[in-house]
Novice: 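One structure, as structure tokens, below. Some questions next.
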Amino acid sequence: MAGQEDRSSALFSHCHFFFIKNTDLSDSLIEELSDTIRKFGGNVLNKKHGTRGEDGLSFKTVSHIIANTIDFPEYTQATAAMIPVVKTSWISASLTKGKLAQIRPFTPDPRMFLSDVVLSCADIPQSDADAIIGATLAMGGMESSSITRAVTHICALSMDHPKCQMAIEKKLKCKIVLPHWFDDCFKLGKKISENPYLLPDPEFLNANPGPMTEVPSSQHLVGATSARPDHLPGPSLDEGDRPDLNVFDGKTIMVSADLGITTRLKEIIGLLVARGGGKITDQVEVCDWFICQYRDGPQYIAASQAGKVVGNLSWLFYVITHNQWTSPLRRLLHYPVPRGGIPGFDKTRITVSNYAGEARIYLENLIQAAGGEFTRTMRSENTHLITARNTGEKFEAARDWQIQSVNHLWIEESYAKSEMQPLTEGKYISFPEFTNLGEIIGQTPLEEPRLRALYYPGGPKNPSPSMKRKRKAIEMADENSLSDGPAAGVTIGRQVHKEFDVMRDSDVEYAQKTSDVFGVPAPKRRATAEFATPAKGRHVRTGKENETPSTVSSSRSAKDKALNRLSFLAPDIALYEKEKKRGLKDGHGPWGGKRAADFIDRENLNRRNVSSPSAAAEEKDTKTDKRPPKKARPTLPEVEVRVVLTGFQRWVNNKNAEDADRKLLRELGIAVVSDGQPCDYLVAPSLVRTVKFLRNLSKGATIVSSNWIEDCLDAKERVAPVKYILKDRENEKKFGISLTTSVSRARANKGKLLKGVAIYCTANIKNGPDGYRAIAEANDAIFLVYGPRSKITIRPTDPEEDEGGPEPVYLLSNTSSEERKLWPKFEEMARNGNMEPRIVAADWLLDVVMDQKVSFDKKYLVLNFFK
């Protein structure tokens, strides 16, 4: 036990860390992680980001770089030296495992787009599971055969699998998704939102996706929608409101004449650079950053060949606005544009559909930078349509006019590779349902090797030592990256271990190094015989004169050697016997154990039978006896109707009857599905306020009487359900609704009745909060459990800053003494956030969902309702 503690306390003893500060990695977090590293024997170098030397990091001492992004100046040098660059989560993962975690799943490279995914497969075919797991691992993810808190995604077809049930019971923060989500991510090469694929009610399985999908905003387009900005964003320089920019500290910047900017703007840029500790020069040889508009000219070529940072005016403005360095290759329109565009685009007329806001402006400028002609409207003369979805008027017109429709990845990758990409590539014509591809726009970077080959091949005639080092680093980084496959261009660094020398290490050194590096005791090293010159044998005169002495060992010596050999193999034999007894679980599992042992035994038996003539004859006679053919299993008809049952009394306390009736219904093409899955009909005896009834009413399901199922079972045939539409005048009058109107409203609401409405619920409410959560979330409400130790807060808001006025916020509660104590705190929190607190009985939520119309009456206030 003490040995394990010593090993864990020295977990990072051979590691030297360097932190890259950015918006996701603050000084306070760096300080906290540094303390943890030192506690476990590690060393932190240059903790503060600004203490790096003139030549950057000292790679002779750094073993790991901790960064949540690859967007920092020394990344190329790090990949050239194969220094691992990992996220902060790598530290906690190493501490959890008690040894240094793998590098690949924790790389911040965005091309490894599944690096934050820990996958566990449930009820999907084994071949599909193997393919999904393999692709996930290739893109930086991890796989877990069991459900733990580390699992982020469960791949399943339904919620019935034990893994899904365990995740729900333990309230794990993992997402249960259809395998289609992984398929669409792999097709696009990007990670898209899981929301349409989430079980138990995935929108993806809806036959009618609808015409509208919200167009998301993209953080990757901030300050990068144009290659030639009109003005410098931010406060005016004349008033002195703009803070000093430390991003220019120690940098020399050259602004090229091909930008065509005014003298005034050039003066402003020079003043900002000087305030930040930098300098402006007109000599490309001495500059660190070269700012120009086009990818041509002797100055551009000289700066690029020398390994200097080359960007355009848009990139410079971005650096000034955010006071943070970013690579100009990260965003397409931050790098100088090709004069004359990309070959082949001069003959294109391209329009855009289903993109809005900054995404539409970005695509318009990108098309023009590539050399194409952008048109706002679509005509038969257009050659391409770039669309985020395969719906809309333009998409239909493109299909009628035989105009090629692609997503934005086609224009982005054509521009990044400086070559028009084939339109038949699968990812360019992939349009996942319920997903607007605007959420992944702007994530494609430029490829430096491609730029070098096309625009600045070769190198400078008389390079300085600094130029040689930079060029060598770029070339080595290119060599160290993956050359092909889905992760092409990604570099995975290697971790430094103690050097093992089998010829020089003593047993003590060998054991110590093994324990330090791998965290396990060292296995016993196999004893080696000492080498010595054979002694000259004595001449024995008895017997034949020239008889050669026997080299065979004595009987006792042979037994000793056999015993020693057997004791050496004993652990392996015991392990083999244990492995033979291991069976398979559920008929599945890895190759090995009893399955492999039985297979080997059968193979040996077959070999013996074949080698024996009598056995071969018996086998021949056996083959002549044909086995009777198996009876064909009856095939079930396709499922034509899916139903959810609630309040069905026929099967109460009669499991055998339920199984038989379900089987009969399935033979009639009717599948009884569990709540949460897509259904065509909701079957109920009357208008009831159960969770199943209200959830499926919210989906707009057709509600029929239980008599329909009864009659189908009695007649043993599927009866038309039209005559069985539920009519319950008594309960409609009781609840003050019209069921027909409620269903119509639900279909119009599309599950968004309570979208954006905040509903809190006390933890001790009658019947528990889970049922109310299911009903509220089925209508897209924001549902939160509120308790005495709840850390939930509403952001304080000044009424003068809130243009819309106070909005209501609800708390579902009873009138118990414990719940009454929560009311003053809730009311204070709501009023501080400029919201109107309404503490109501749970019946308010039930009646609103039943009516499918948001309304409020003071009778639902708890003080009035429970009088």
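The figures here come from the full heavy-atom set of this structure, side chains too, leaving out hydrogens, waters and symmetry mates.
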Novice: For the pair Phe182 and His153, name the ring-plane relationship: parallel under 30°, tilted 30 to 60°, perpendicular over 60°.
Specialist: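 Phe182 vs His153 ring planes: perpendicular.
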Novice: Quick one: does any side-chain atom of Asn407 pair with a main-chain N or O of Leu409 as donor and acceptor, under 3.5 Å?
Specialist: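 Indeed, once roles are kept as given, a pair shorter than 3.5 Å links the two residues.
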Novice: With Lys752, which residues qualify under salt bridge (charged side-chain N to carboxylate O under 4.0 Å, His left out), at least two apart?
Specialist: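 Lys752: salt bridge (charged side-chain N to carboxylate O under 4.0 Å, His left out) contacts with Asp780.
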Novice: Would Ile291 and Trp315 count as a side-chain contact (heavy atoms from CB on, under 4.5 Å) if you check the C-alpha gap in whole Å, the side-chain angles of each, and the deciding distance to 0.1 Å?
Specialist: CA-CA 9 Å; Ile291 313 301; Trp315 172 75; 3.5 Å; yes
Novice: How about Thr387 and Asn354: does a side-chain donor come under 3.5 Å of a side-chain acceptor?
Specialist: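 Side chains of Thr387 and Asn354: pair found under 3.5 Å.
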Novice: Within the 3.5 Å criterion, strictly below it, is a donor on Glu413 or Tyr428 matched to an acceptor on the partner's side chain?
Specialist: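 Glu413 vs Tyr428: donor-acceptor pair found between side chains.
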Novice: Could you note down all residue pairs passing side-chain hydrogen bond (donor to acceptor under 3.5 Å, both in side chains) where residues 366-378 supplies at least one of them, sequence neighbours left out?
Specialist: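 For residues 366-378: Arg349-Glu373, Thr375-Asn382.
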Novice: Where is the tightest heavy-atom contact between Tyr415 and Pro338, given as atom of each residue plus distance?
Specialist: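 Closest approach of Tyr415 to Pro338, heavy atoms only: OH-CD, 3.6 Å.
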Novice: More than 12 foreign heavy atoms under 6.0 Å from NZ of Lys417: is that the case here?
Specialist: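 Yes, enclosed.
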Novice: Return the CD1 to CG distance between Ile361 and Leu333, rounded to the nearest 0.5 Å.
Specialist: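 Reported to 0.5 Å precision, the distance equals 12.0 Å.
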Novice: If every non-hydrogen atom of Glu433 is compared with every non-hydrogen atom of Arg389, which pair is closest and at what distance?
Specialist: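 Smallest interatomic distance, heavy atoms only, reads OE1-NH2, 4.4 Å.
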Novice: So, for Tyr197 and His180, is the gap between ring centers shorter than 6.0 Å?
Specialist: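 No - the distance between ring centres of Tyr197 and His180 does not fall below the 6.0 Å cut-off.
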Novice: Indicate yes or no: does Lys308 engage Asp288 in a salt bridge with an N to O separation below 4.0 Å.
Specialist: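 No, this pair does not count.
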Novice: Verify, without hydrogens or angle tests, whether Ser414 (side chain) and Trp410 (backbone) share a donor-acceptor contact under 3.5 angstrom.
Specialist: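 Checking the backbone N and O of Trp410 against the side chain of Ser414, a donor-acceptor pair under 3.5 Å is found.
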Novice: Heavy atoms, side chains only, cut-off 4.5 Å: are Ile782 and Val757 in contact?
Specialist: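 When only atoms from C-beta onward are counted, Val757 and Ile782 do not touch, as no gap falls below 4.5 Å.
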Novice: Please name the pair of heavy atoms, one in Tyr355 and one in Ala388, separated by the smallest distance, quoted to 0.1 Å.
Specialist: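 Heavy-atom minimum between the residues: CE1-N, 3.3 Å.
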Novice: I'd like to know if the side chain of Asn312 and the backbone of Tyr335 have a donor-acceptor N/O pair within less than 3.5 Å.
Specialist: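 Judged by distance alone, yes, a pair lies under 3.5 Å.
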Novice: Kindly indicate whether the side chain of Ser353, heavy atoms from C-beta on, has any atom under 4.5 Å from the side chain of Leu385.
Specialist: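 They are in contact (side-chain heavy atoms under 4.5 Å apart), so the answer is yes.
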Novice: Considering only NZ, NE, NH1 and NH2 on the basic side and carboxylate oxygens on the acidic side, decide whether Asp116 and Lys87 come within less than 4.0 Å.
Specialist: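 Between Lys87 and Asp116 there is no salt bridge, as every charged N stays at least 4.0 Å from the carboxylate O atoms.
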Novice: With the side chain counted from C-beta on, respond yes when Lys266 and Ile269 share a heavy-atom pair under 4.5 Å apart, and no when they do not.
Specialist: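 Answer no - side chains too far apart.
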Novice: Kindly say whether Asn22 contributes a backbone atom to a donor-acceptor pair with the side chain of Gln324 at under 3.5 angstrom?
Specialist: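 Pair absent, no side-chain N/O of Gln324 close to backbone of Asn22.
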Novice: As a quick check of understanding, evaluate side-chain contact (heavy atoms from CB on, under 4.5 Å) for Leu423 and Ile429, giving each step before the final call.
Specialist: CA-CA 8 Å; Leu423 297 168; Ile429 53 177; over 6 Å; no
Novice: If you round to the nearest 0.5 Å, how far is CD of Glu381 from CD1 of Ile403?
Specialist: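 It is 8.5 Å, given to the nearest 0.5 Å.
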Novice: I'd like to know if the side chain of Glu203 reaches the main chain of Asn195, judged simply by a donor and an acceptor atom lying under 3.5 Å from each other, with no hydrogens or angles considered.
Specialist: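 No, Glu203 side chain to Asn195 backbone: no donor-acceptor pair under 3.5 Å.
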Novice: Heavy-atom distance under 4.5 Å between the side chains of Tyr300 and Ser256, does that happen here?
Specialist: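 Tyr300 vs Ser256: side chains apart.
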Novice: Give a yes or no answer on whether the side chain of Arg104 reaches the backbone of Ala138 with a donor-acceptor pair at less than 3.5 Å.
Specialist: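 Answer holds: yes.
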Novice: Could you grab the distance from atom CD1 of Ile440 to atom OG of Ser193, nearest 0.5 Å is fine?
Specialist: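 Spacing of CD1 (Ile440) from OG (Ser193) equals 11.5 Å.
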Novice: Between Arg360 and Glu364, is there a side-chain N and carboxylate O pair less than 4.0 Å apart?
Specialist: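 Between Glu364 and Arg360 there is no salt bridge, as every charged N stays at least 4.0 Å from the carboxylate O atoms.
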Novice: If you round to the nearest 0.5 Å, how far is CG of Leu446 from OG of Ser418?
Specialist: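 It comes to 7.5 Å.
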Novice: Does the side chain of Thr351 come under 3.5 Å of the side chain of Lys394 through a donor N or O and an acceptor N or O?
Specialist: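 Per modelled atom types, Thr351 and Lys394 side chains form a pair under 3.5 Å.
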Novice: Hey, are Asp109 and Thr107 close enough side-chain-wise for a donor-acceptor pair under 3.5 Å?
Specialist: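 Side-chain D/A pair, Thr107 to Asp109: absent.
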Novice: Hey, does Pro336 have a side-chain heavy atom less than 4.5 Å from the side chain of Val310?
Specialist: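 Yes, close enough: below the 4.5 Å cut-off.
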Novice: Please report the C-alpha distance between Phe395 and Trp401 in whole Å, then the side-chain angles of each, then the deciding distance to 0.1 Å, and finally whether the ring-ring contact (aromatic ring centres under 6.0 Å, His included) criterion is met.
Specialist: CA-CA 10 Å; Phe395 182 82; Trp401 291 338; over 10 Å; no
Novice: Verify, without hydrogens or angle tests, whether Asp258 (side chain) and Cys292 (backbone) share a donor-acceptor contact under 3.5 angstrom.
Specialist: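 Side chain of Asp258 to backbone of Cys292: no pair is present.
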Novice: Please walk me through it: do Leu25 and Ile30 pass side-chain contact (heavy atoms from CB on, under 4.5 Å)?
Specialist: CA-CA 7 Å; Leu25 191 54; Ile30 291 175; 3.7 Å; yes
Novice: Take a 6.0 Å sphere around CZ of Arg450 and say whether it holds more than 12 heavy atoms from other residues, nucleotides or ligands.
Specialist: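 Yes - once you tally the heavy atoms of other residues, nucleotides and ligands closer than 6.0 Å, there are more than 12.
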Novice: Can you spot which of Asn68, Val85, Val86, Thr88 makes a side chain to side chain contact (heavy atoms under 4.5 Å, CB included) with Pro108?
Specialist: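 So, applying the side chain to side chain contact (heavy atoms under 4.5 Å, CB included) to Pro108 and each of Asn68, Val85, Val86, Thr88, only Val85 qualifies.
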Novice: Ignoring hydrogens, what is the shortest heavy-atom contact between Leu221 and Ala359? Give both atom names and the distance.
Specialist: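 Of all heavy-atom pairs spanning Leu221 and Ala359, the closest is CD1-CA, 3.6 Å.
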Novice: Considering non-hydrogen atoms only, spot the tightest contact between Ser89 and Phe106 and give its length.
Specialist: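 Looking at all heavy atoms of both residues, the closest pair is OG-CD2, 3.4 Å.
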Novice: Check Ala416 against Thr444 and note the closest heavy-atom contact, atom names and distance.
Specialist: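 Scanning both residues completely, I find the closest heavy atoms to be CB-CG2, 4.0 Å.
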Novice: Kindly determine whether Phe186 and Leu114 satisfy side-chain contact (heavy atoms from CB on, under 4.5 Å), including the steps that lead there.
Specialist: CA-CA 10 Å; Phe186 298 147; Leu114 295 182; 3.4 Å; yes
Novice: Regarding Thr326 and Asp71, is there a side-chain donor-to-acceptor distance under 3.5 Å anywhere?
Specialist: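 Yes - a donor-acceptor pair under 3.5 Å links their side chains.
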Novice: In Å, rounded to the nearest 0.5 Å, how long is the span from CD of Glu396 to CG of Asn390?
Specialist: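 Taking CD in Glu396 and CG in Asn390, the distance rounds to 9.0 Å.
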Novice: Between Thr348 and Phe345, is there a donor-acceptor pair closer than 3.5 Å when you use the side chain of the first and the backbone of the second?
Specialist: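 Yes: the side chain of Thr348 pairs with the backbone of Phe345.
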Novice: Counting the benzene-type ring for Trp, do Phe204 and Trp181 have ring centres under 6.0 Å apart?
Specialist: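 Aromatic pair excluded; centres sit 6.0 Å or further apart.
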Novice: What about the rings of Tyr75 and Trp325, do their centers lie closer together than 6.0 Å?
Specialist: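 That pair fails the under 6.0 Å test.
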Novice: Quick one, Phe374 and Val352 - any side-chain contact, counting heavy atoms below 4.5 Å?
Specialist: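 Sidechains of Val352 and Phe374: in contact.
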Novice: Checking Arg295 against Tyr456: is there a side-chain donor and acceptor pair closer than 3.5 Å?
Specialist: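 No - no donor-acceptor pair under 3.5 Å links their side chains.
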Novice: For the backbone of Leu437 and the side chain of Thr435, can you confirm whether one donor and one acceptor N or O come within less than 3.5 Å of each other?
Specialist: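 No, because the side chain of Thr435 does not come within donor-acceptor range (under 3.5 Å) of the backbone of Leu437.
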Novice: Using modelled atom types and a 3.5 Å cut-off, is there a donor and acceptor pairing between side-chain atoms of Ser314 and backbone atoms of Ser226?
Specialist: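 Indeed, once roles are kept as given, a pair shorter than 3.5 Å links the two residues.
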Novice: Any cation-pi pair here, Arg339 with Tyr294, using under 6.0 Å and within 45°?
Specialist: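 Ring-cation test returns yes.
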Novice: Taking C-beta and beyond as the side chain, do Lys279 and Ile253 meet within less than 4.5 Å on heavy atoms?
Specialist: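 Counting from C-beta outward, Lys279 and Ile253 never come under 4.5 Å.
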Novice: In Å and rounded to the nearest 0.5 Å, what is the OG1 to CD distance from Thr252 to Glu285?
Specialist: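 Between atom OG1 of Thr252 and atom CD of Glu285 there are 12.5 Å.
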Novice: Within the 4.5 Å heavy-atom criterion, are Trp289 and Val255 side-chain neighbours or not?
Specialist: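 Counting from C-beta outward, Trp289 and Val255 never come under 4.5 Å.
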Novice: Under a 3.5 Å threshold, yes or no: a donor from one side chain and an acceptor from the other, between Tyr318 and His334?
Specialist: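 His334 and Tyr318 do not have a side-chain donor-acceptor pair below 3.5 Å.
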Novice: How about Gln402: does its CD atom have over 12 heavy atoms from other parts shown lying under 6.0 Å from it?
Specialist: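 Result for CD/Gln402: open.
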